[in-house]
Protein chains: 2
Amino acid sequence: MKLSVKSDYAARAVLGLARAFVTGSARKVEELALEQGIPGNYLVQILLELKTKQLVRSVRGKDGGYLLARPPGEITLGDVMRAMHGEVLDPPALGDPQCPLELREAWARLKAAAEQAADSLDFQSVLDQSGDREKMYYI
Amino acid sequence: MKLSVKSDYAARAVLGLARAFVTGSARKVEELALEQGIPGNYLVQILLELKTKQLVRSVRGKDGGYLLARPPGEITLGDVMRAMHGEVLDPPALGDPQCPLELREAWARLKAAAEQAADSLDFQSVLDQSGDREKMYYI
DNA sequence: TCGCTCTTCACGGAAAGCTTCACGGCCCGG
DNA sequence: CCGGGCCGTGAAGCTTTCCGTGAAGAGCGA
């Protein structure tokens, strides 16, 4: 099952904002777009959705832009995916009464596993991992 | 992320065939379709794909139909999903060099978790679960 | 007021997903 | 050897989602 690039783009944008989180300054949309290789006008829509889901906030006017609404450690990949697609993984069987109950339970377990995995990946640890990589070169 | 109904249909069909596995007899497409609430002509295509992936096999002519190629215990939800969509979960980021490495590793972990979960759900245990349900009423 | 930025909405092509149809091929019983 | 039942296959609609573009409107600072 291929996921859409939308959640990928969203995750990149959040990561870009996470890197700037300590500075407390807003980042411009176009700047983020170029840095992460995302079509600018598309990123605008994505950030707008992230904003309505309270993951980021925006500042208008000169020196405006976007910043994270919470520390990177409190934003997970699951949050981003839910902001884009409603659910991390949504098997259509769950809403279909014609599907045998045993099978629906199997789908539900798969969904729960994916959700649990996505929610345990927060952006602070993603940031930390890139730091760890540098250290590894010294081993 | 909504999954397609295709993998849902495929899973239902496999479950239907799994129930008949002990009898060793083939089940007709239209019969399966009605029982599981799947458009008949669509199910044909799905079964065809399942066949090329060696999950089911077919018998032609009168008293023909489809049967499982292996015991239900050796077919997992992951097998069915891979037969339909190539991968259980496929984040586009993994093939995109522009995506930061740390983020790609996060996606890879999510993918691995989903795959592991899907591969641990085989159809024999789905069948067994419906049996367990009856037993629970006696507790 | 001017310039910068976000905000909002509407549009469009492209692709994928879902479904149905039509026709051909194989197997069996008579 | 002939006919009916069933699988096999490709193609054609239709719908929805994805992806991206464009332009007009609103807030903020200088």
Side-chain angles (χ1 to χ4, degrees), chain A residues 1-13 17 25-34 36-69 81 83-87 90-93 95-96 98, chain B residues 1-13 17 25-34 36-53 55-69 81 83-87 90-93 96 98:
Chain A
M1 201 66 213
K2 255 174 43 182
L3 319 172
S4 72
V5 297
K6 197 176 178 184
S7 45
D8 177 22
Y9 288 168
R12 290 194 213 178
L17 295 178
S25 61
R27 300 204 60 191
K28 296 193 228 285
V29 173
E30 204 50 39
E31 187 185 307
L32 261 179
L34 287 178
Q36 303 285 345
I38 306 172
N41 282 328
Y42 194 28
L43 183 56
V44 168
Q45 295 179 44
I46 291 172
L47 287 169
L48 225 36
E49 284 188 66
L50 289 175
K51 184 184 167 186
T52 71
K53 299 302 189 329
Q54 316 271 339
L55 295 183
V56 305
R57 57 197 180 83
S58 65
V59 178
R60 302 183 101 157
K62 198 153 198 290
D63 293 328
Y66 281 88
L67 43 168
L68 247 47
M81 295 187 69
M84 294 294 104
H85 302 110
E87 301 257 12
D90 182 24
D96 185 349
Q98 278 217 295
Chain B
M1 201 66 215
K2 258 174 39 184
L3 319 174
S4 73
V5 296
K6 195 176 180 185
S7 44
D8 178 22
Y9 288 167
R12 289 194 215 179
L17 295 179
S25 60
R27 301 204 59 193
K28 298 192 229 279
V29 174
E30 204 49 39
E31 187 185 306
L32 262 179
L34 287 178
Q36 303 285 346
I38 307 172
N41 282 325
Y42 193 27
L43 183 56
V44 169
Q45 297 178 44
I46 292 173
L47 286 169
L48 224 37
E49 284 189 66
L50 289 175
K51 184 182 167 186
T52 70
K53 298 304 187 332
L55 295 183
V56 305
R57 58 198 179 83
S58 65
V59 178
R60 302 183 99 153
K62 199 159 197 293
D63 293 328
Y66 280 89
L67 39 166
L68 247 47
M81 295 188 67
M84 294 295 102
H85 301 110
E87 302 255 11
D90 181 26
D96 186 349
Q98 277 217 295

Once you round it to whole Å, what is the distance between [atom2] of [N] and [atom1] of [X]?
| X | N | atom1 | atom2 | answer |
| --- | --- | --- | --- | --- |
| Leu32(B) | dC6(D) | CG | P | 13 Å |
| Met1(B) | dA16(C) | CE | C1' | 11 Å |
| Leu34(B) | dC6(D) | CG | P | 12 Å |
| Lys2(B) | dT15(D) | NZ | C1' | 12 Å |
| Glu49(A) | dT17(D) | CD | P | 13 Å |
| Asn41(B) | dA12(D) | CG | C1' | 13 Å |
| Met84(A) | dT17(D) | CE | P | 16 Å |
| Leu50(B) | dG8(D) | CG | P | 12 Å |

(Q) Does Leu67(A) form a side chain to side chain contact (heavy atoms under 4.5 Å, CB included) with Arg27(A)? I'd like the steps, not just the answer. (A) CA-CA 6 Å; Leu67(A) 43 168; Arg27(A) 300 204 60 191; over 6 Å; no

Q: Examine dC19(D): is either OP1 or OP2 under 4.0 Å from a nitrogen or oxygen in the side chain of Tyr9(A)? Give yes or no.
A: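 No, because none of the side-chain N or O atoms of Tyr9(A) sits under 4.0 Å from OP1 or OP2 of dC19(D).
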
Q: Using a cut-off of strictly less than 4.0 Å, decide whether Tyr42(A) has a side-chain nitrogen or oxygen near OP1 or OP2 of dC19(D).
A: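 Yes, within the criterion.
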
**Q.** Residue pair Leu32(A) / Ala13(A): nearest heavy atoms and the distance that separates them
**A.**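 The pair with the smallest heavy-atom distance is CD2-O, 4.1 Å.
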
Q. Taking all non-hydrogen atoms of both residues, which atom of Val29(B) and which atom of Val44(B) are closest, and how far apart?
A.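 Closest heavy-atom pair between Val29(B) and Val44(B): CG1-CG2, 3.7 Å.
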
Q: Would you sort out whether Glu49(A) and Lys6(A) count as a side chain to side chain contact (heavy atoms under 4.5 Å, CB included), showing the intermediate values?
A: CA-CA 11 Å; Glu49(A) 284 188 66; Lys6(A) 197 176 178 184; 2.8 Å; yes

Q. For every nucleotide of nucleotides 5-11 of chain C, 5' to 3': is a protein heavy atom under 4.0 Å from its base (B), only from its sugar-phosphate (S), or from neither (-)?
A. BBSB---

**Q.** Nearest-0.5 Å distance that lies between atom CE in Met84(A) and atom CG in Leu55(A)
**A.**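 So the gap between those two atoms works out to 7.5 Å.
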
(Q) Within this structure, what is the CE-OG distance for the pair Met1(B) and Ser7(A), rounded to the nearest 0.5 Å? (A)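 So the CE of Met1(B) and the OG of Ser7(A) are separated by 6.5 Å.
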
